[in-house]
Amino acid sequence: MTSAEIRQQFLDFFKSKQHQIVPSAPIVVKNDPTLLFTNAGMNQFKDYFLGNKEPQYKRIADTQKCLRVSGKHNDLEEVGVDTYHHTMFEMLGNWSFGDYFKKEAIAWSWELLTEVYKLDRDKLYVTIFEGDDKEGLPRDEESFNEWKKVIAADRILLGNKKDNFWEMGDTGPCGPCTEIHVDCRSDEERNKVDGKTLVNNDHPQVIEIWNNVFIQFNRLKDGSLQPLPARHVDTGMGFERLVRVIQNKTSNYDTDVFTGTIDAIKTITNQVYQPLTKEGIAFRVIADHIRAISFTIADGQLPSNTGAGYVIRRILRRAVRYYSSYLYYKQPLLHQLVPVIAKQFENVFPELIAQKDFVSRVIREEEETFLNTLDKGLKKLNDRLRYEIDKILEWRKANSIHTDTPNSKVIIDGKFVFELFDTYGFPLDLTRLILSEKPYSHVDFGIDEAGFEAEMQQQKSRSKAAAVVDTEDWVNVHEHSITEFVGYDSLEIKSKIVKYRKVKAKGKEGYQIVLSATPFYAESGGQVGDTGQLIMNNEQLTIIDTKKENNLIIHFTESLPDDVTAEVFAKVDISKRKQTEIHHSATHLLHAALRKVLGTHVAQKGSLVNDEQLRFDFSHFAKVTDEEMAAIEKIVNEKIRENIRVVIKEMNKDEAVKLGAMALFGEKYGDIVRVVIIDPNYSIELCGGTHVGSTGELGFFKIKHESAVAAGVRRIEAVSGIAAETFIIEQLNTIHTIRESLKNPKEIDKAIDSLITENNELKRKLESVEAKQLIILKESLLGEHVPFPFANTQGKFIGKVVDVSNADHLKKLCFDLKNDLGNDYAVVLAANINGKANVAIMLSDSLVNEKGLEAPKIIKEYITTIIKGGGGGQKTLATAGGQDANNLQQVIDAVKSLL
RNA sequence: GGGGAAUUAGCUCAUUUGGCUAGAGCGCUACGCUGGCAGCGUAGAGGUAACGAGUUCGACUCUCGUAUUCUCCA
């Protein structure tokens, strides 16, 4: 059975049990501060469990893209080393929201595994929750009784709270779970050791394949458990594992989920996949990581240096490290695998093939910059090693030790290795690898790993201290399940506080408030959250921001009202909201214009809309030219003048897509979507934001700036409405000011040109005049040289206080004189420049070598005290400066007396 | 969000306690030589040392701020 068939049978099976099959949510999570990536199948249904949202269907099944890079059983550094950990994986799952419970869930999972997949019943074991005295929870009898119907009682094992009680987080929905384990060992081994002793014992061949969670409690912050009114089923079966079991392999990487990629790597690198070698690990790392990287980028998350983007970057770099270190491949490799993956998942996750050129381009660029970074780190490391080796060689020479004596041992301090890692991104294991390869055959290099760890710990605690956010439990005020958002139509309403909580971050206290109904738009889809007021009795509270936590609209305030139960009047800051709406509608006009002018490959990659401006990031592979920008602005302004009515409709997603709406990857939508139409032939977009009534309200549109944000992604910043007016006025004012200072010429650009030309000419002239003066000065100085006795002959001494305008001229004079003075000379020139003393001393090589004079020494020992300053330079030429310019003749005399 | 670092010629990078006319390689221009894979020689152009303040007699160098980029941690 192929992996594609296995996946399809899962979905078909649950479809036959009246489940709605839904597509995978994006792997990148938005609107949930506690999560960067989807890490379990249930993430997209969290709101149903929390009661923030009513489910559309009571039974759902799907396959969900998940990403895990850290956690109790998962560490990025382990992936690829063994044969079953992954960063990205698919989670098959079926759900019941207040519908069926333990009986059906257990019966169906048994049926699917044994009758559809035909797994051997003798190899299966199940676990159930044994109960926990501390929590006051009894054994899960219900599950036990259901299992007894299909499996022998001695194959039903008891599990403790750690293994068989599932919790979403520190707080929230939770409940007992039952797991199905499979024993994949050979018959011979199975006869020797009973499988049930190996369940939950980290045996690589006795593994859990399916977890059925029965959600029936809510965990509060004080640790207590509250029974939930509606009970849910949440299951998860790791797809890669399941395929491995069904295809009867010992490694996930030997299944057809991965063999295609591994073959492609073989072809590209010309290496052989041998599972047990270092190279084998590299193969697995690459095969695993490329999936994670490709799908997250396809879901809209670009690599970056913070948050989710940074996780992607780390995964990508780990893969680069492995192929460049172990597969001897030093060019970008990963991007070449994107087409292979895209093809493989064409029918399951079509978002990748739709963007495969974009994705591989982004990856390629990342690979190139990191290979570059590695080069830099390598250079820094080599410099250090060179230094250590030189030190040893010198020491050996001094002690007359031959190089063929036993090896020296050198430990590179942890601080340096950490710096390499922390600042240059040069990974510890790579440093270790290079050192172990003996860069110099007579020295053993080692790393002070404890020192490295200590530095690392310091860094971690610094970061932790800065990021502490303390959130208290919600305090319920009024019973109310779902917040109604009325802000599309009204900007002020009467409402009441449903619940609130206190939040502490960086020593600052604040409150988060949930209202029964609210006109406040919560930050989403790039549009900023509303600000405004809550007014009650005789009190007024400022809302400083509005954000979403999953489906919950949260208002941020600095304080609480005296009476939280009172009726509140919620009022949005109208002018700010209005101007924000103008920019949001302008964004839609811009998006459509971009596709018209640049092509339909343009897709939104990010957006920020506030009252001051709009920022729009989109995929495009070249700089947008001035002509293109002008064309874009022209179209947008035409659409504004047409004063098109903005039509907003709610419909189901398929209908919207049929209508031609741009479906945006990376956005999470329910089945009912909001469609914003600005002329059905011009712009149709799925959008939850707020908009103007008709385009005429925008007034005018102007692009301020175009730039690049990443490989293949451009950014346009633009203004509309009042912001555009202000921008234009500012620009005109600037031109006006320039015009005035130029005495109102007809053509400013020509006036400026001629001004610049004139200025350059004058500069040149002045320079040549000064140069001529210097030559005259030089000639006269040459005539004033006096002899002094040196060796068997005579040297020439020139010492004079001269009149120059610039300290550099003293130096220049010296160099000019040098060419005319021959072999043995000494020159000292001094000048008073703007009341300050400047001195230059030049000595011939002969004076330095044979008489032991050095210009900087002379300055420090004799001159600085006279001029109250300091100075230095090279042995033959040094300069000095000081505050006291009254005794310059003394300076010259002082130098003369030394000769 | 917190730390570390970088920014010097078109490109890649040097420049040690603050004082060297800020250099090299590649590229570019001109001339000359040359049947060769990055051919050779000579000469030359090219710099606001990211930006802005400050300290100093003097700042590429030290301090502070801003911007951009890299990097680690959360």
Side-chain angles (χ1 to χ4, degrees), chain A residues 33-34 36 69-70 76 303-311 313-314 317-318 365-366 368-377 379-380 383 415-428 452-453 455-469 505-508 705 707-710 715 763 767 771 774 806-819 830-843 854-860 863-886 888 891:
Chain A
T34 63
L36 289 177
V69 286
S70 56
L76 181 57
S304 75
N305 58 357
T306 52
Y310 181 56
V311 176
R313 184 168 271 177
R314 259 170 58 206
R317 290 186 170 179
R318 183 164 183 261
E365 188 106 347
E366 277 289 318
E368 276 168 359
T369 49
F370 186 56
L371 285 166
N372 208 346
T373 303
L374 284 183
D375 270 352
K376 276 191 188 165
K379 191 159 173 261
K380 192 148 176 78
D383 282 353
K415 205 167 175 165
F416 176 80
V417 179
F418 182 75
E419 188 197 349
L420 210 55
F421 164 74
D422 179 67
T423 307
Y424 297 91
F426 208 72
L428 176 65
F452 178 88
E453 272 310 312
E455 293 284 334
M456 192 75 181
Q457 276 313 317
Q458 254 181 34
Q459 151 103 309
K460 281 191 178 174
S461 52
R462 254 201 314 265
S463 293
K464 264 203 187 116
V468 173
V469 178
K506 277 193 282 177
K508 259 187 160 177
H705 193 59
S707 57
V709 273
R715 166 173 296 175
K763 236 189 234 166
E767 267 169 29
L774 282 181
N806 184 326
D808 278 344
H809 288 164
L810 284 182
K811 249 190 273 179
K812 190 157 171 41
L813 267 176
C814 284
F815 281 111
D816 287 347
L817 283 167
K818 184 179 178 179
N819 296 329
N832 175 337
I833 299 169
N834 297 328
K836 283 169 183 168
N838 281 270
V839 178
I841 296 176
M842 177 169 68
L843 304 173
E854 288 180 14
K857 270 193 190 160
I858 297 176
I859 282 181
K860 286 192 175 118
I863 311 299
T864 49
T865 48
I866 304 174
I867 59 173
K868 297 201 176 102
Q874 286 189 309
K875 286 178 183 175
T876 57
L877 186 117
T879 56
Q883 288 160 308
D884 187 354
N886 294 320
L888 294 178
V891 170

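Proteins come first, then strands; the chains are lettered A, B, ... in the order of their sequence lines, and each starts at number 1.
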Over how many whole Å does the gap from [X] atom [atom1] to [N] atom [atom2] extend?
X: D808(A); N: C60(B); atom1: CG; atom2: P; result: 10 Å
X: R313(A); N: C70(B); atom1: CZ; atom2: C1'; result: 8 Å
X: N834(A); N: G58(B); atom1: CG; atom2: C1'; result: 13 Å

Same-atom distance ([atom1]) from [N] to [M], integer angstrom:
N: C62(B); M: U17(B); atom1: C1'; value: 12 Å
N: A53(B); M: G58(B); atom1: P; value: 16 Å
N: C37(B); M: G23(B); atom1: P; value: 34 Å
N: G36(B); M: C11(B); atom1: C1'; value: 27 Å
N: C60(B); M: C13(B); atom1: C1'; value: 15 Å
N: C33(B); M: G19(B); atom1: C1'; value: 44 Å
N: A24(B); M: C31(B); atom1: P; value: 24 Å
N: G52(B); M: A59(B); atom1: P; value: 15 Å

Side chain of [X] (C-beta onward), nearest among [options]:
X: K836(A); options: G58(B), G4(B), C73(B); answer: G58(B)
X: Y310(A); options: C20(B), G19(B), C73(B); answer: C73(B)
X: M456(A); options: C72(B), C20(B), A74(B); answer: C72(B)
X: T879(A); options: C20(B), G19(B), C73(B); answer: G19(B)

Counting just side-chain N and O atoms, does [X] come under 4.0 Å of either OP1 or OP2 of [N]?
X: K868(A); N: C57(B); answer: no
X: K812(A); N: U21(B); answer: no
X: Q459(A); N: C72(B); answer: no

Ignoring hydrogens and geometry beyond distance, is the side chain of D422(A) in donor-acceptor contact with the base of G3(B) at under 3.5 Å?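 Pair found.
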Between E419(A) and Q883(A), who's closer to the 5' end of RNA chain B by nearest nucleotide?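 The residue mapped nearer the 5' terminus is E419(A).
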